[in-house]
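Structure, as structure tokens:
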Amino acid sequence: MLKTILITLLIVAISIALLSVKILLKKNGRFPNTHVGGSKAMRERGIGCVQSQDREARRPNPHAVAERKTCSEPE
């Protein structure tokens, strides 16, 4: 049981080390931007991140006309 856990931890540690080689060795190394908004091809097609689209949709419209209350509506 202990042998299996140690082997598993070793494999995970090696995997993390190999995945981070580029980030650690490259000057100013960073994780790649995998968001939809970070892709140039997606921006050219007009496709954006869902969170950004939702934020834009929730912003109040400065050109909206305020609705009037009529006499028949209760306050």
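All values reported here derive from a predicted model rather than from experimental measurement. Heavy-atom basis, side chains included; hydrogens, waters and symmetry copies ignored.
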If you round to the nearest 0.5 Å, how far is [atom2] of [Y] from [atom1] of [X]?
{"X": "Ile14", "Y": "Leu19", "atom1": "CD1", "atom2": "CG", "answer": "12.0 Å"}
{"X": "Met1", "Y": "Leu6", "atom1": "CE", "atom2": "CG", "answer": "11.0 Å"}
{"X": "Thr4", "Y": "Leu9", "atom1": "OG1", "atom2": "CG", "answer": "11.0 Å"}

Ignoring hydrogens and geometry, is there a side-chain-to-backbone donor-acceptor pair from Ser39 to Val36 under 3.5 Å?
no

